[in-house]
Each structure stands twice: as structure tokens, then as C-alpha cells.
Amino acid sequence: MRGQDRSGLGVMRWGTAFGAALAGLLVFAFGALSQDAAPVHIVPRLTGATEPMADMRAPPLDRPVTDDVRRMRNYPEQPPIIPHSIDGYQLTVNTNRCLDCHKREFTEGSGAPMISITHFQDRDGQVLSDVTPRRYFCTACHVQQTDARALVPNLFQDANDIGRKR
Ligand code: HEC
Ligand code: HEC
């Protein structure tokens, strides 16, 4: 008798467990569905609130900082930002206006800092006598600083400010 009783209870336990699992699955599925209906944007879209394919006026560009003050780098390998105007400077296969001032031969006259030694090295570390092709298009790495508002809060910390202090 006790055996029968137990098995009866067992069936009931299994039934309850199955019911609970099914209910859980349904709650989960509906939760996923309702999340699909209202997507959450954590970072504001660069394109703004307009529909992705809609026509809109291009917002004005932010103003570049052109005060000629060379900025401290946030880490040694950072390409320094351009502290002067580059409006109308041609940068094509045939002409490189940047090198008219930043090339080794021209720095004495222009007062511009020379492109660093890394700009003469090809990908195998061989040092060439002129700028290496992979450093030819300066604005692929060097940009101007503008007065644009930060899209998201910036928590960057200088390496000198973290860790044990002397
Ligand atoms: C007319 C000469 C001239 C031209 C052309 C020129 N620069 Fe400069 N550049 C300078 C001078 C001078 C400085 C030093 C800071 C200053 O006076 O603005 C400088 C500073 C810089 C710096 C900052 C270096 C540092 O260590 O902080 C970068 C990066 C730079 N220029 C990149 C460029 C790029 C990229 C171009 C082309 C789009 C360019 N420059 C065209 C003269 C020039
Ligand atoms: C592939 C990325 C890249 C390209 C392309 C590039 N640079 Fe740089 N540049 C850097 C980095 C990174 C640094 C800082 C570390 C170093 O010197 O390599 C730098 C440093 C500099 C400096 C500072 C040099 C010094 O000794 O303080 C100048 C000036 C400069 N670049 C000008 C130019 C010019 C002009 C061009 C185009 C002919 C150019 N760069 C192309 C990445 C680049």
C-alpha cells in the first residue's frame, strides 16, 4: 500500500513539475516577444532619430579646433591630432599637401614636426628614405579635434592615474 501511495505522489510531483516548467517557458517566450516589439537602444544612433532611409538635411559639421597648440597624447602610440586647419589641402595619389610641410626635407622651412621614423618603415620594418606607402594617406589616422559633444560619457583614464601611486 505504501508503495502505491508513493507512486501516486510521484506522478503528481512529475505533473506539477511539468506544469511549472511549461509555465516558465511561456513566460520566457512572451518576455522575448515583448522585447522584440520594443527594441532598446543603449547608445544613441549616429544618424539621429529619423527613419533609416528617410530624407533629412545634413546637420552642420562641428567646428575643428585650429589653435596651433600641439596636444598631449593620451597614450604613446596615439596618432597626434591635427591642431591646424586642413581646409582645401589636397591628399590624392599625385599630391600630398601634408608632406609639403611635414616631410623631412621641408620641415626647416615650414616649422612643422617631421613625420616620425615609423612613417618611413614598411611592413617588414625596413626603413625607407621616403614616407612608406602605408603611411601616405595621413587622414586615415590623423584627425582634427572638433567641439562636438561626446555621444556617450567618456570614462577614459590616463595610465599614470591608475595603479599604485609613488
Ligand atoms: C603649411 C604647412 C603645413 C601643412 C600643409 C600641414 N601641416 Fe600639419 N603642422 C604644421 C605645423 C607648423 C604644425 C605644428 C603645430 C602648428 O603650428 O599648428 C603641424 C602639426 C601637425 C600635427 C601635430 C603633431 C603633434 O606632434 O602634435 C599633425 C598630426 C599634423 N600637423 C598633420 C597634418 C596633416 C595630416 C596634414 C595634411 C592634411 C598637415 N598636417 C598639413 C604645418 C603644416
Ligand atoms: C597608419 C596610421 C598613420 C598614418 C597613415 C600616418 N600617421 Fe602620422 N602618426 C601615427 C602614429 C601612430 C603616430 C605616433 C607614434 C609614431 O610616431 O609612430 C604618428 C605621429 C605623427 C607625427 C608626430 C611625429 C613626432 O615625432 O612627434 C606627425 C607630425 C605625423 N604623424 C604626421 C603624419 C603625416 C603628415 C602623415 C601623412 C603623410 C601621417 N602622419 C600618416 C599614425 C599614422
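Whatever order the structure lists them in is the order used to number ligands and atoms, beginning at 1.
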Hey, what do you get for [atom1] ([X]) to [atom2] ([Y]), rounding to the nearest 0.5 Å?
X      : Y      : atom1 : atom2 : result
Phe120 : Ile115 : CZ    : CD1   : 4.0 Å
Lys103 : Ser110 : NZ    : OG    : 12.5 Å
Leu91  : Cys98  : CG    : SG    : 5.0 Å
Arg73  : Gln78  : CZ    : CD    : 7.5 Å
Ile86  : His142 : CD1   : NE2   : 11.0 Å
Gln145 : Ile81  : CD    : CD1   : 4.5 Å

Which option, [options], owns the non-hydrogen atom nearest [atom]?
atom                    : options                       : value
atom 36 (C) of ligand 2 : Pro76, Cys141, Cys138, Pro113 : Cys138
atom 19 (C) of ligand 1 : Arg71, His84, Met72           : His84
atom 1 (C) of ligand 1  : Gly109, Pro79, Gly111, Cys101 : Cys101
atom 38 (C) of ligand 1 : Pro83, Cys98, Gly88, Ser85    : Cys98
atom 32 (C) of ligand 1 : Ile82, Thr139, Asn96, Asp100  : Ile82

query: Do Asn96 and Cys138 come close enough that some side-chain heavy atom pair is under 4.5 Å?
result: yes
field: Student check: side-chain heavy atoms of Arg71 and Val65 closer than 4.5 Å
entry: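 Yes, at least one pair of side-chain atoms sits under 4.5 Å.
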Examine the proximity of ligand 2 to [X] and report which part, side chain or backbone, both or neither, has a heavy atom under 4.0 Å away.
X     : value
Arg70 : side chain
Gln78 : backbone
Leu99 : side chain

Using distance alone, decide if ligand 1 has a nitrogen or oxygen within less than 3.5 Å of any nitrogen or oxygen in [X].
X      : answer
Arg97  : no
Ser110 : no
His142 : no

Residue-ligand contact Met114/ligand 2, heavy atom below 4.0 Å: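 Yes; Met114 lies near enough to ligand 2 that a heavy-atom distance drops under 4.0 Å.
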query: At a 4.0 Å cut-off, with the gap strictly under it, does some heavy atom of Ala140 reach an atom of ligand 2?
result: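 Ala140: no contact with ligand 2 (<4.0 Å).
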Heavy-atom closest contact (Tyr136 atom, Val93 atom, distance): OH-O, 3.3 Å
message: Nearest N/O/S atom of His102 with respect to atom 8 (Fe) of ligand 1, by atom name, please.
response: NE2
Within the 4.0 Å heavy-atom shell around [X], which atoms of ligand 2 are there?
X      : result
Phe137 : 5 (C)
Pro80  : 13 (C), 14 (C), 19 (C), 20 (C), 21 (C), 22 (C), 23 (C)
Thr118 : 16 (C), 17 (O), 18 (O)

statement: A student checking ligand 1 against Arg73 at a 4.0 Å heavy-atom cut-off should list atoms 26 (O)
- prompt: Does some non-hydrogen atom of Ile81 fall short of 4.0 Å from ligand 1?
  reply: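 Ile81 counts as a contact of ligand 1 under the 4.0 Å cut-off.
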query: Do Thr132 and Arg123 have side-chain N/O donor and acceptor atoms under 3.5 Å apart?
result: no
message: Between His119 and Ser116, do the side chains contain a donor N or O and an acceptor N or O under 3.5 Å apart?
response: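 There is such a pair between these side chains.
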message: So does Thr92 get a backbone contact from the side chain of Thr95, meaning a donor-acceptor N/O pair under 3.5 Å?
response: no
Proximity of Ile86 to ligand 1 by residue part, where a heavy atom lies under 4.0 Å: side chain
query: Going by the angle between their ring planes, with limits at 30° and 60°, are His84 and His102 parallel, tilted or perpendicular?
result: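 The arrangement is parallel - the two ring planes meet at less than 30°.
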query: Got an N/O contact under 3.5 Å between Glu77 and ligand 2?
result: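 No; the residue has no nitrogen or oxygen that sits under 3.5 Å from a nitrogen or oxygen of the ligand.
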